[in-house]
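Worksheet: the structure to be examined is printed underneath.
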Amino acid sequence: QVQLVESGGGVVQPGDSLRLACAASGRTISGYTMGWFRQAPWKEREFVARISQRGTNIDYADSVKGRFTISRDNAKNTAYLQMNSLKPEDTAVYFCAAGSPRLATIMKYDYWGQGTQVTVSS
């Protein structure tokens, strides 16, 4: 079992930055692909970014590419999402997820956090 807890969300203005953290416990995350997803009101959960076990392979949704950066620190058992140039359309609950690399390739993750709210408003 892996428990994931997100933090760092808040209310910001367009153009601002936030850094989300995903702290894991119960197991080391070194063997997992880590991902970030988000869900806005009345919308389905959507993929944001993912990072492989050692950070070699990274993917982003087109909507955040160039603005968001996913990273991980396996020694701290934590994954991060640096969000720059935030837009109102980035408003959502952001979820951290961990999954086996094999299943993560088809966007299936084993463990999920409870989410942290990010609100971008002028």
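We number each residue from 1, following the sequence as shown.
Within the 4.5 Å cutoff, side-chain heavy atoms of Ser17 are placed close to those of Gln82. In this structure, the side chains of Thr69 and Leu81 stay at 4.5 Å or more apart for every pair of heavy atoms. Taking the side chain as every heavy atom from C-beta outward, Val12 and Thr119 never approach each other to under 4.5 Å. For the pair Val118/Met83, a side-chain contact is recorded, criterion being any heavy-atom separation below 4.5 Å from C-beta on. The shortest side-chain heavy-atom distance between Thr33 and Tyr109 falls under the 4.5 Å cut-off. Side-chain contact between Trp36 and Arg50 is absent, with no heavy atoms from C-beta onward closer than 4.5 Å.
Using modelled atom types, one side-chain atom of Asn74 and one backbone atom of Gln53 make a donor-acceptor pair closer than 3.5 Å. Listed for the Thr78 side chain is a donor-acceptor partner under 3.5 Å among the backbone atoms of Lys76.
Dense packing is recorded around CZ of Arg19, with more than 12 heavy atoms of other residues, nucleotides or ligands lying under 6.0 Å away.
Between Trp112 and Phe37, the ring planes are tilted. Angles from 30° to 60° get that label. Ring geometry for Tyr94 versus Phe68: interplanar angle of 30 to 60°, hence tilted.
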Legend entry - salt bridge (Lys or Arg N to Asp or Glu O under 4.0 Å) assessment of Asp90 paired with Lys87: CA-CA 5 Å; Asp90 294 319; Lys87 304 175 180 179; over 6 Å; no
